[in-house]
Novice: 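One structure, pasted below without further comment.
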Amino acid sequence: MGQERECTLRIAKRRIEGEALLETAEIIFRPIDGSKRLKFAFADIVKSVKAVEGELRFHTVEGPAVLELGPAAEKWADKILHPKSRAEKLGVKDAMQVSLVGKFDAEFQKELRGATKNISTGKVAAAAEPDLIFVAVESSEELAGVAKIAKSVKGAVGLWIVYPKGKKEMTETEVISAGRKTGLKDVKVVGFSPTHTALKFVLPLEKR
């Protein structure tokens with residue numbers, strides 16, 4: 001989940017009060033007056049971004065921009081300049097056992113193999129004892145199937161549900177509800193791709 005800060009944005013000779021959100025690949029600024037939000041993609045600002053005396057400074061198509069973030073400015077600059085890989089954000093580490101259920105593109109599978117060689121696809125095999133399970137769902141019917149897969153979650157195993165953004169029939173609230181109905185607890189959200197979001201579920205500590 002992104003980091004949020006109430007702050008002032010200075011851009012194009014304007015001072016705008018609002019909330020800045022540090023996402024996976026962009027900064028989103030929501031003006032407090034309800035006007036149109038602004039987006040600054042890391043790819044567009046990475047060459048100019050720097051933290052100076054509590055300010056995050058960077059260049060945009062409208063000219064220089066400054067976010068008055070205070071002590072958080074340096075951390076934000078570091079995350080923009082040195083972003084974690086998707087596998088790192090999802091908690092995939094060397095030698096982990098990872099199970100993939102559903103359709104995942106070749107690019108993601110390649111990224112996983114860069115972190116661990118222990119990857120299985122298809123149904124979760126009990127003998128595999130996975131550390132992480134990734135489930136791709138594209139419909140409400142597939143989301144309902146998570147209940148069966150959740151039975152494989154034991155101990156500290158993490159279950160990631162990857163679902164499409166912008167589908168009215170499958171909102172974040174519904175995905176969270178589906179996970180909680182299995183007795184799991186939602187603990188993390190990651191922007192999986194421009195089109196999908198990933199929600200992580202684990203067993204509550206008292207059930208491990």
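Computed from a prediction, not measured in an experiment: that's the story for all the values here.
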Novice: Report yes if the side chains of Glu129 and Lys154 come closer than 4.5 Å at any heavy-atom pair, otherwise no.
Specialist: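 No, side chains not in contact.
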Novice: Please determine whether side chain to side chain contact (heavy atoms under 4.5 Å, CB included) holds for the pair Glu55 and Leu69, giving the CA-CA distance in whole Å, both sets of side-chain angles, and the decisive distance to 0.1 Å.
Specialist: CA-CA 6 Å; Glu55 297 180 343; Leu69 296 172; over 6 Å; no
Novice: With no hydrogens and no angle check, is any side-chain donor or acceptor of Trp160 less than 3.5 Å from a backbone partner on Leu90?
Specialist: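 Yes: the side chain of Trp160 pairs with the backbone of Leu90.
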Novice: Flag the pair Arg15 and Glu68 as a salt bridge only when some basic side-chain nitrogen lies within less than 4.0 angstrom of an acidic carboxylate oxygen.
Specialist: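 Yes, charged N to carboxylate O under 4.0 Å.
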Novice: What is the distance from atom CZ of Arg30 to atom CZ of Arg37, rounded to the nearest 0.5 Å?
Specialist: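 Here the rounded value is 6.0 Å.
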Novice: Which heavy atom in Pro31 sits nearest to a heavy atom in Ile16, and how many Å separate them?
Specialist: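 Closest pair (atom of Pro31, atom of Ile16, distance): CB-CG2, 3.9 Å.
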Novice: Ignoring hydrogens and geometry, is there a side-chain-to-backbone donor-acceptor pair from Lys165 to Ser193 under 3.5 Å?
Specialist: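 Yes, Lys165 side chain to Ser193 backbone: donor-acceptor pair under 3.5 Å.
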Novice: Cation over ring, Arg86 on Phe192, under 6.0 Å and within 45°?
Specialist: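 Pair Arg86/Phe192 counts as cation-pi.
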Novice: Below 4.0 angstrom, N of the basic side chain to O of the carboxylate: do Lys93 and Glu88 qualify?
Specialist: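 Answer for the salt bridge query: no.
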Novice: Carefully, step by step, assess Leu199 and Lys188 under the rule side chain to side chain contact (heavy atoms under 4.5 Å, CB included).
Specialist: CA-CA 6 Å; Leu199 264 167; Lys188 189 175 182 180; over 6 Å; no
Novice: Working to the nearest 0.5 Å, report the span between CG of Leu184 and CG of Leu159.
Specialist: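 Result: 6.0 Å between the selected atoms.
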Novice: May I ask you to decide if Ile161's main-chain N or O and Lys200's side chain share a donor-acceptor pair within less than 3.5 Å?
Specialist: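 Not at all, since once roles are kept as given, no pair shorter than 3.5 Å links the two residues.
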Novice: For the CD1 atom of Ile32 and the CD atom of Glu6, what is their distance to the nearest 0.5 Å?
Specialist: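 Interatomic distance, Ile32 CD1 to Glu6 CD, rounded to 0.5 Å: 6.5 Å.
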Novice: Could you check whether any side-chain N or O of Lys151 sits under 3.5 Å from a backbone N or O of Ala147, counting only pairs where one atom can act as donor and the other as acceptor?
Specialist: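 No.
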Novice: Please say yes or no: joined through hydrophobic side-chain contacts below 4.5 Å, possibly via intermediate residues, are Val66 and Ile11 part of one cluster?
Specialist: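 Per the 4.5 Å side-chain linkage, Val66 and Ile11 are not co-clustered.
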Novice: Can a donor-acceptor pair be found between the side chains of Glu17 and Thr8 at a distance below 3.5 Å?
Specialist: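 Yes.
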Novice: Quick one: does Glu111's side chain get under 4.5 Å of Val92's, heavy atoms only?
Specialist: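 Glu111 vs Val92: side chains apart.
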Novice: Kindly indicate whether the side chain of Lys185, heavy atoms from C-beta on, has any atom under 4.5 Å from the side chain of Leu203.
Specialist: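 Lys185 vs Leu203: side chains apart.
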Novice: Under 4.5 Å between any side-chain heavy atoms of Phe104 and Val162, yes or no?
Specialist: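 Yes; the side chains approach each other to less than 4.5 Å.
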Novice: Is any side-chain heavy atom of Phe40 closer than 4.5 Å to one of Val61?
Specialist: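 No, their side chains stay 4.5 Å or more apart.
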Novice: Tell me whether Glu26 contacts the main-chain N or O of Glu23 through its side chain, where contact means a donor paired with an acceptor under 3.5 Å.
Specialist: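 No; judged by distance alone, with no hydrogens or angles, the pair does not exist.
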Novice: Go through the steps for Lys103 and Glu142 under the test side chain to side chain contact (heavy atoms under 4.5 Å, CB included), then give the verdict.
Specialist: CA-CA 11 Å; Lys103 295 180 180 179; Glu142 292 180 352; over 6 Å; no
Novice: So, Asp131 side chain and Met96 main chain: donor-acceptor pair closer than 3.5 Å or not?
Specialist: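 No; zero donor-acceptor contacts below 3.5 Å.
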Novice: Going by heavy atoms in the side chains, are Phe42 and Leu22 under 4.5 Å from each other?
Specialist: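 Yes - at least one pair of side-chain heavy atoms lies under 4.5 Å apart.
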Novice: How many angstroms lie between CG in Leu38 and OG1 in Thr60, if you round to the nearest 0.5 Å?
Specialist: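 These two atoms lie 9.0 Å from each other.
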Novice: Side chains of Met170 and Val137, heavy atoms from C-beta outward: is any pair under 4.5 Å?
Specialist: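 A side-chain contact under 4.5 Å exists here.
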Novice: Between Asp186 and Arg180, is there a salt bridge with N-O shorter than 4.0 Å?
Specialist: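 Salt bridge: yes.
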Novice: Go through it in stages, so that I can follow the logic: the residues are Leu132 and Val157, the test is side chain to side chain contact (heavy atoms under 4.5 Å, CB included), and I'd like the CA-CA distance, side-chain angles, deciding distance and then a yes or no.
Specialist: CA-CA 6 Å; Leu132 290 174; Val157 172; over 6 Å; no
Novice: Out of curiosity, Lys39 NZ to Ile27 CD1, how far, rounded to the nearest 0.5 Å?
Specialist: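 Those atoms lie 13.0 Å apart.
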Novice: Val202 and Phe134: same hydrophobic cluster, using ILVMFWY side-chain contacts below 4.5 Å?
Specialist: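 No.
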Novice: Looking at Arg14 and Glu62, is there a salt bridge between them, counting it only when a charged N and a carboxylate O are closer than 4.0 Å?
Specialist: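 Here Glu62 pairs with Arg14 in a salt bridge, since their nearest N and O are under 4.0 Å apart.
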Novice: Just verifying a value: how many Å separate Glu169 CD and Ser139 OG, rounded to the nearest 0.5 Å?
Specialist: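 Spacing of CD (Glu169) from OG (Ser139) equals 8.5 Å.
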Novice: If we ignore hydrogens and angles and just use 3.5 Å, is the side chain of Thr171 paired with the main-chain N or O of Lys168 as donor and acceptor?
Specialist: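 No, Thr171 side chain to Lys168 backbone: no donor-acceptor pair under 3.5 Å.
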Novice: Applying side-chain contact (heavy atoms from CB on, under 4.5 Å), can you list everything that pairs with Val49, at least two apart in sequence or on another chain?
Specialist: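 With sequence neighbours excluded, Val49 shows a side-chain contact (heavy atoms from CB on, under 4.5 Å) to Leu56, Phe58, Ile80, Leu81, given in chain and number order.
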